[in-house]
Undergrad: 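Provided herewith is a single structure, encoded as structure tokens, for subsequent inquiry.
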Amino acid sequence: MAGENKTYAEGYYFGILDIYFALMTQADAPKTRPTYGDYEVMGKTIEATITPNYKEGKVYASNVATRNERRVDSYTVSLNLDKIPYAVREKLLGRYKDKNGVQIIKGDQIAPYVAIAFALTLDDGSQELWTLYKGKFAEPSQTGHTDTDAMNYQHPTIEATFIRRECDNSLAAIAATADENVMESAVASWFETVYEAKTA
């Protein structure tokens with residue numbers, strides 16, 4: 001039951017499931033939460049790297065360090081997916097589509113802010129659920145190889161930077177399904193709507 005702060009034995013990471021994304025339909029402001037559209041599947045994940053970036057500050061006085069602060073400021077996310085569907089690339093990257101259905105990449109195109117959600121799997125059968133709240137993806141890198149006597153599939157890699165929201169300074173939400181303190185209702189709806197912290 002939530003609130004009892006029980007400890008639990010954690011498994012080891014060994015996989016990752018689909019990546020979901022939701023467009024931010026109304027931007028956040030200092031006193032206003034953003035709104036998001038419905039989650040859609042971005043693609044099946046081959047590999048994901050989520051790297052925190054920090055801002056740091058030090059104070060020296062009387063020949064010693066009197067303050068040393070290191071705070072997470074953003075996340076760099078690199079996703080290697082099996083494929084990114086054509087329609088998803090249009091939405092995710094802010095590409096222009098002409099009357100012939102051709103996607104045009106322009107130098108001044110602006111990708112929308114999105115939230116993403118995914119599940120890291122553990123060897124004990126549990127999952128660690130992640131939501132990153134506010135990021136923009138850049139055009140993916142794609143490698144092509146000549147066909148040979150072996151079937152060598154190529155997969156795109158796409159990167160984004162996720163920053164803090166203005167309304168609450170939040171970067172991400174993480175829930176371990178093995179933790180009995182995590183409410184089942186939060187887990188059940190994780191990929192239905194963008195999770196928002198419950199304060200009461």
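All values reported here derive from a predicted model rather than from experimental measurement.
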Undergrad: Does this structure show an ion pair linking Arg71 with Glu56, if we count only N-O contacts that are shorter than 4.0 Å?
TA: no
Undergrad: Got a sec: does the CD of Glu47 have more than 12 other heavy atoms crowding it under 6.0 Å?
TA: no
Undergrad: Any side-chain donor paired with an acceptor under 3.5 Å for Thr45 and Asn80?
TA: no
Undergrad: Any donor-acceptor pair under 3.5 Å linking the side chain of Ser189 with the backbone of Ser185?
TA: yes
Undergrad: Which heavy atom of Arg164 sits nearest a heavy atom of Val72, and at what distance?
TA: CD-O, 4.5 Å
Undergrad: According to the interplanar angle, ranging from 0 to 90°, do the rings of Trp190 and Tyr195 count as parallel (below 30°), tilted (30 to 60°) or perpendicular (above 60°)?
TA: parallel
Undergrad: Under 4.5 Å between any side-chain heavy atoms of Val77 and Leu132, yes or no?
TA: yes
Undergrad: For atom CZ of Phe14, decide whether the heavy atoms of other residues, nucleotides or ligands shown that lie under 6.0 angstrom number more than 12.
TA: yes
Undergrad: Looking at Arg33 and Asp28, does any basic side-chain N land under 4.0 Å from a carboxylate oxygen?
TA: no
Undergrad: Would you kindly check if the NZ (Lys) or CZ (Arg) of Lys83 is within the cone defined by 45 degrees around the ring axis of Tyr86 and under 6.0 Å from the six-membered ring centre?
TA: no
Undergrad: Would Lys134 count as a cation-pi partner of Phe162, with NZ or CZ less than 6.0 Å from the six-membered ring centre and within 45° of the ring normal?
TA: no
Undergrad: Which of parallel (below 30°), tilted (30 to 60°) and perpendicular (above 60°) describes Trp130 and Phe118?
TA: parallel
Undergrad: Apply the side chain to side chain contact (heavy atoms under 4.5 Å, CB included) test between Leu93 and each candidate in Val88, Ile84, Ile158, Ile110; give the one that qualifies.
TA: Ile158
Undergrad: Begin from the C-alpha positions of Tyr133 and Val114 and carry the test side chain to side chain contact (heavy atoms under 4.5 Å, CB included) through to its verdict.
TA: CA-CA 7 Å; Tyr133 284 119; Val114 299; over 6 Å; no
Undergrad: Under a 4.0 Å threshold between the charged nitrogen and the carboxylate oxygen, would Glu196 count as salt-bridged to Arg165?
TA: yes
Undergrad: Charged N to carboxylate O under 4.0 angstrom, Glu139 versus Arg95?
TA: yes
Undergrad: Just wondering, do Glu128 and Tyr13 contact through their side chains at under 4.5 Å, heavy atoms?
TA: yes
Undergrad: Within the 4.5 Å heavy-atom criterion, are Pro34 and Gln26 side-chain neighbours or not?
TA: no
Undergrad: Do Ile19 and Leu79 come close enough that some side-chain heavy atom pair is under 4.5 Å?
TA: yes
Undergrad: When clusters are formed by joining ILVMFWY residues with side-chain heavy atoms under 4.5 Å apart, either directly or through shared neighbours, do Ile46 and Phe137 land in the same one?
TA: no
Undergrad: Are Ile16 and Thr121 packed together at the side-chain level, in the sense that at least one heavy-atom pair is separated by less than 4.5 angstrom?
TA: no
